Amino acid sequence: MKKFFYLASALLGLSTLSCQPDEAVVTESSVNAGARVSATANFAARRQLGTVKDGNLNEISGLAMSRTNSGYMWVHEDSGNPNRIYLIDSQGTTKATINLPDANRDWEDIAVGRGPQPNTWYVYVADVGNNNLSNSVVYVYRFVEPSITGKSLPTTINLSNSAVEKLDFAYADGRHNCETLMVDTNGDLYFITKEDNGENKVSNPVKGGVYRAAAGYKESGTNTLTRLSSLNILTATGGDISNNGQEVLIKNYNTVYYWKKSSSSQTIAQLLTTAPQTLPYTEEPGGEAIGWKVDGAGYYTVSEIKNNVPAAIYYYARQ
């Protein structure tokens, strides 16, 4: 349900074997108005780059910039759609279709990051949507990022069961809906819960939970996610950590929130306990997805197809 929300930031995530500090909440009222003006001035208003050409891509739910295929982005749809991801260019033309062996129960986000093998890029597909809170376990599919080098385009690649790891996660404090997965530069996974069950629980003042699976999580069996901080928001729909690990974006349907590290030693956990700033964003039809350009020069968003209006790809350039 596409409602407005306000963000309060927070965080620390950990594996269940780590010690947990008291949960922190940063309220929207604590964000300095002057800081917002400054942050907004650092990025330009949106520029449309193209429209999604593939008519099958009606409900894009996540995007992530490819590291192996420079200049391209991965996108996917959510529940009720095929179990595949698409590699498209910035004008919206499909270059590759990747079929995964497991069903699309409710794929809500996608990320590219490091994994178990050094100097290797992995794609992470987040099957974490849980609108009716009917699933006690959520999944993240991880596989080595496919390359289209030397292939005749557009191409189709079918991944085998052995090529895709199915990572299991369960929340220690009960079932949650989630639409945001972010991968830190060290391989940590961050889950930002959406906290709705059909309708948002507006009586609950803390809307979004922050959970972390520290790198080294189990590759078989179920990993337990413990809530370590809260975001005072409604309907977080996507997020991304920059390729250099210094900046974070989290969006909902009408606002993009932004954090930047104050020093290279600051962790993502520490960063998200500071108040966010807001960046330029024009609301899109069903817009859920966001991703940094690999070099950090700006960020991309993409809409859904609504009322026969094609899904558009937008870019917000750093000034």
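Not measured: the values here are computed from a predicted model.
- In this structure, the side chains of His176 and Asn130 stay at 4.5 Å or more apart for every pair of heavy atoms.
- Side chains of Asp168 and Asn223 form no contact here, defined as non-hydrogen atoms less than 4.5 Å apart.
- Here the closest heavy-atom approach between residue Met182 and residue Asp240 is recorded as SD-N, 3.4 Å.
- Annotation: side chain of Thr94 is not in contact with side chain of Leu87 (no heavy-atom distance under 4.5 Å).
- Residues Asn81 and Glu59 bring a donor and an acceptor atom of their side chains to less than 3.5 Å of each other.
- Between Asp78 and Glu108 there is a side-chain heavy-atom pair separated by less than 4.5 Å.
- Salt bridge status for Glu219 with Arg142: present, with a side-chain N to carboxylate O gap under 4.0 Å.
- The structure places CG of Leu159 at 7.5 Å from CD1 of Ile85, a figure rounded to the nearest 0.5 Å.
- Considering Asn135, Asn132, Asp106, Asn131 as possible partners of Asn177, the one that fulfils the side-chain hydrogen bond (donor to acceptor under 3.5 Å, both in side chains) test is Asn131.
- For an aromatic pair to be called close, the ring centres must be under 6.0 Å apart, and Phe43 with Tyr299 satisfies this.
- Using a 4.5 Å heavy-atom threshold, the side chains of Trp74 and Glu145 count as touching.
- Between Gly287 and Lys251 the shortest heavy-atom distance is O-NZ, 2.8 Å.
- Every residue two or more places apart in sequence or in another chain that forms a salt bridge (charged side-chain N to carboxylate O under 4.0 Å, His left out) with Asp102 is listed here: Lys166.
- Taking CD1 from Ile192 and CG from Asp109, the interatomic distance works out to 10.5 Å, rounded to the nearest 0.5 Å.
- No side-chain heavy atom of Phe191 sits less than 4.5 Å from a side-chain heavy atom of Arg212.
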*asked:* With side chain to side chain donor-acceptor pair (under 3.5 Å) as the criterion, how do Ser61 and Glu77 come out once you've worked through the C-alpha distance, each side chain's angles and the decisive distance to 0.1 Å?
replied: CA-CA 5 Å; Ser61 184; Glu77 298 183 288; over 6 Å; no
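- Between Tyr315 and Tyr300, the ring planes are tilted. Angles from 30° to 60° get that label.
- Atoms OG1 and CD1, from Thr68 and Ile148 in turn, are 10.0 Å apart once rounded to the nearest 0.5 Å.
- Here Phe169 and Tyr139 keep their ring centres 6.0 angstrom or further from each other.
- Scanning both residues, Ile313 and Asp89, for their nearest heavy atoms gives CD1-O, 3.8 Å.
- A donor-acceptor contact shorter than 3.5 Å is absent between the side chain of Arg47 and the backbone of Ala45.
- Residue Lys95 qualifies as enclosed at atom NZ: its count of foreign heavy atoms under 6.0 Å is above 12.
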*asked:* Between Thr278 and Val256, is the side-chain contact (heavy atoms from CB on, under 4.5 Å) condition met? List the steps.
replied: CA-CA 6 Å; Thr278 58; Val256 170; over 6 Å; no
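- Atom-to-atom distance recorded for Trp121:CH2 and Arg67:CZ is 5.5 Å, nearest 0.5 angstrom.
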*asked:* Determine whether Ser79 and Arg105 satisfy the following criterion, side-chain contact (heavy atoms from CB on, under 4.5 Å), listing intermediate values before the conclusion.
replied: CA-CA 5 Å; Ser79 60; Arg105 187 172 68 177; over 6 Å; no
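- Take Val183 and apply the side chain to side chain contact (heavy atoms under 4.5 Å, CB included) test, not counting sequence neighbours, and it matches Ala111, Tyr124, Leu189.
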_side-chain contact (heavy atoms from CB on, under 4.5 Å) assessment of Arg175 paired with Ser136_ = CA-CA 6 Å; Arg175 302 176 184 187; Ser136 59; 3.6 Å; yes
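- In this structure, the ring of Tyr211 has its center no less than 6.0 angstrom from the ring center of Tyr190.
- Annotation: side chain of Phe143 is in contact with side chain of Val125 (closest heavy-atom distance under 4.5 Å).
- For the residue pair Arg114 and Asn119, no side-chain donor N or O sits within less than 3.5 Å of a side-chain acceptor on the partner.
- Across every non-hydrogen atom of Ala297 and Lys293, the tightest pair is CB-CD, 4.1 Å.
- For Gln266, the side-chain hydrogen bond (donor to acceptor under 3.5 Å, both in side chains) partners are Ser262, not counting sequence neighbours.
- In this structure, Asp184 contributes its side chain and Gly187 its backbone to no donor-acceptor pair below 3.5 Å.
- Taking the six-membered ring for Trp and thresholds of 30 and 60 degrees, Tyr281 and Tyr316 have ring planes inclined between 30 and 60 degrees apart.
- The local environment of NZ in Lys151 is sparse, with at most 12 non-hydrogen atoms from other residues, nucleotides or ligands closer than 6.0 Å.
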*Residues Thr267, Lys261; criterion side-chain contact (heavy atoms from CB on, under 4.5 Å); working and verdict*: CA-CA 8 Å; Thr267 66; Lys261 288 184 178 180; 5.6 Å; no
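- Between the side chains of Glu165 and Tyr141, no donor-acceptor pair is found at a separation under 3.5 Å.
- Nearest heavy atom pair, residue Trp259 against residue Thr274, reads NE1-O, 3.0 Å.
- Within the 4.5 Å cutoff, side-chain heavy atoms of Leu249 are placed close to those of Leu279.
- Going from atom OG of Ser90 over to atom CD of Gln48 covers 11.5 Å, rounded to the nearest 0.5 Å.
- Residues passing the salt bridge (charged side-chain N to carboxylate O under 4.0 Å, His left out) test with Glu247, sequence neighbours excluded: Arg318.
- Considering every non-hydrogen atom in both Val52 and Val302, the closest pair reads CG2-CG2, 4.2 Å.
- For Ile305, the side chain to side chain contact (heavy atoms under 4.5 Å, CB included) partners are Asn58, Ala311, not counting sequence neighbours.
- Here the rule is side-chain contact (heavy atoms from CB on, under 4.5 Å) with Glu288, and of Thr237, Asn252, Leu63, Thr301 only Thr237 fits it.
- Every residue two or more places apart in sequence or in another chain that forms a side-chain hydrogen bond (donor to acceptor under 3.5 Å, both in side chains) with Ser147 is listed here: Thr149.
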